Amino acid sequence: MPRHTHTDKTTIAMSQDSYYLGFDLSTQQLKCLAIDQDLKIVHSETVEFEKDLPKYRTKKGVYIRGDTIECPVAMWLEALDLVLSKYCRAEFPLEKVVAVSGSCQQHGSVYWSSQAEALLSQLNKESEKDLVHYVGPAAFAKQTAPNWQDHSTAKQCQEFEQCVGGPENLAQLTGSRAHFRFTGPQILKIAQLEPETYEKTNTISLVSSFLTSVLVGHLVELEEADACGMNLYDIRERKFNDELLHLIGNSSKQKLMGAPMKAMIAGRICKYFTQKYGFNANCKVSPMTGDNLATICSLPLRKDDVLVSLGTSTTVLLVTDKYHPSPNYHLFIHPTLPNHYMGMICYCNGSLAREKIRDQLNKERANGAENNNDWTLFNQAVLDDSKDDDNELGVYFPLGEIVPSVKAVDKRVIFNAKTGKIEEVVEKFADITHDAKNIVESQALSCRVRISPLLSDSNTKSHQNLDQDTIVKFDYDESPLREYLNKRPERTFFVGGASKNDAVVKKFAQVIGATKGNFRLDTPNSCALGGCYKAMWSFLYDSNKITIPFDKFLNDNFPWHVMENISDVDNESWDRYNTKIVPLSELEKTLS
Ligand code: XUL
């Protein structure tokens, strides 16, 4: 494991023309990205499952049967051959690839038969036929892998939570409460409903360890960070929880290969790939990880840095050394930084909720004229600080929300700015421009209060006129207001479609209040790129070419020119939102 050294900026002493590959095995496609030793993207190829492999008849990469959503495993094997043959067709020098890693959809599971090891071992000898020939149906006890979109495990989720005394206990143990898609409940469902399949299963992989196993030509253990997406791994103890394993069945521990892998390198790429595609026999495989985990590796994130992905929904990822789990979000072991975690908060209501207000505003102001996709009026309202709205707060959840866990609702209130108490619930504010400002503010404020317990003290002076002993409740956390007044991220990075909207990111940046800057970047490749960086750092560290930890390595070598500095640190604005914390807590208490 890396030692934390404090050397100056590193320069990487490498022979010229070394390349690193990052796979991204996601729901709809397999991408493979190559970077050079300067971290520059030099090549990319993609296989789209529905379009390029139509014989599997998937819809957007999956089979849907009611609540059950699965992917054909053989399709992934064919996609791997296809994406690498595209590299060969493009005459990319795969012999110069020093290391590979990658990103895979999280939670999905692959059920190998007792013949799997023998069949995989053929990949160490032969390459005449295709992967699906060697690793054919006989290698699997089940030909499909449950997909993260599956929601057929309500019963098993209940059993998981009951087994350890409730959602809070499960979150304390495994970093998350039970979720339909999490692999433990998925495996339990198979053990209960398909006992023959479970019996025939010798080994269970996550999608990430499946791909690593194929690349090295033998079964490898789960990657530890991705194993935190199973509701089975005791994060503090760093081992599978025996009670939960017992709930699934006695042999579940053996099927999961005992314990996850902690090594940086899983092995060398096997002969199949060297003979068929010209990889170098020394090419190292660093364990693939989950896609969100790879995403945090794609940016130079250090402890107390936050990544806000503004898409249809909003996702917040952050790096922390505080193990503070909650049933409302997820904690995973960090894939490349020892003693650190990745926090992940998933909101349902993001862009769509903002678009709804934008459309209403446009309709009202334009007298029905069609200018619906135009953000001009909305953005003016968001940045208009002349409004008399310091005592207004609104939540806008056109879809049921995950954080807080409530049904679809819109609610607007007027509060007392001194006490924070809600004075009145109102149907409407003075006009709809207030909603534009309030929706962005409350979305950002929700992020701020949820990340707060995961951040270090920032030693900033803040609002003195508030009663700092007032107890504030968000989800399962109850603490004095004081706890929220001194916790600020160092840097916030904005990605995703809506991060292109200047007003939205500016407001989020003001409310979240990073102390060392706010950045934006356009990253269509983040998962695969995280895989490339993981491959590169793991290889260099493992072969003693560098001694610095991953975060320093990436900060020193990151292509910063791709990053836009969007706004400076704004202490005054941040301070203003302190008065809205108690009212938000009070407002959320009234929702169900
Ligand atoms: C995370 C999750 C999704 C999948 C998508 O918990 O379920 O982000 O990883 O690929």
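Whatever order the structure lists them in is the order used to number ligands and atoms, beginning at 1. Quantities reported herein were computed from a predicted structural model and do not represent experimental measurements.
Dense packing is recorded around NZ of K473, with more than 12 heavy atoms of other residues, nucleotides or ligands lying under 6.0 Å away.
A cation-pi arrangement is found for K255 relative to Y198, the charged atom lying closer than 6.0 Å to the ring centre and inside a 45° cone about the ring normal.
The closest heavy-atom contact to atom 7 (O) of ligand 1, among the options Q106, Q105, H330, R181, comes from R181.
Closest to atom 5 (C) of ligand 1 among all protein heavy atoms lies D291 OD2, 3.1 Å. Counting protein heavy atoms only, atom 8 (O) of ligand 1 is closest to N292 ND2, 3.1 Å. Looking only at protein heavy atoms, the nearest one to atom 6 (O) of ligand 1 is H107 NE2, 2.6 Å.
Note on ring orientation: taking the six-membered ring where Trp is involved, the planes of F474 and Y484 are perpendicular (angle over 60°, cut-offs 30° and 60°). Aromatic ring pairs are classed by plane angle as parallel below 30°, tilted from 30° to 60° and perpendicular above 60°; the pair F508 and F494 is perpendicular.
Nearest heavy-atom pair across R450 and Y329 is O-CE2, 4.0 Å.
Distances from ligand 1 to the non-hydrogen atoms of M344 include at least one value under 4.0 Å.
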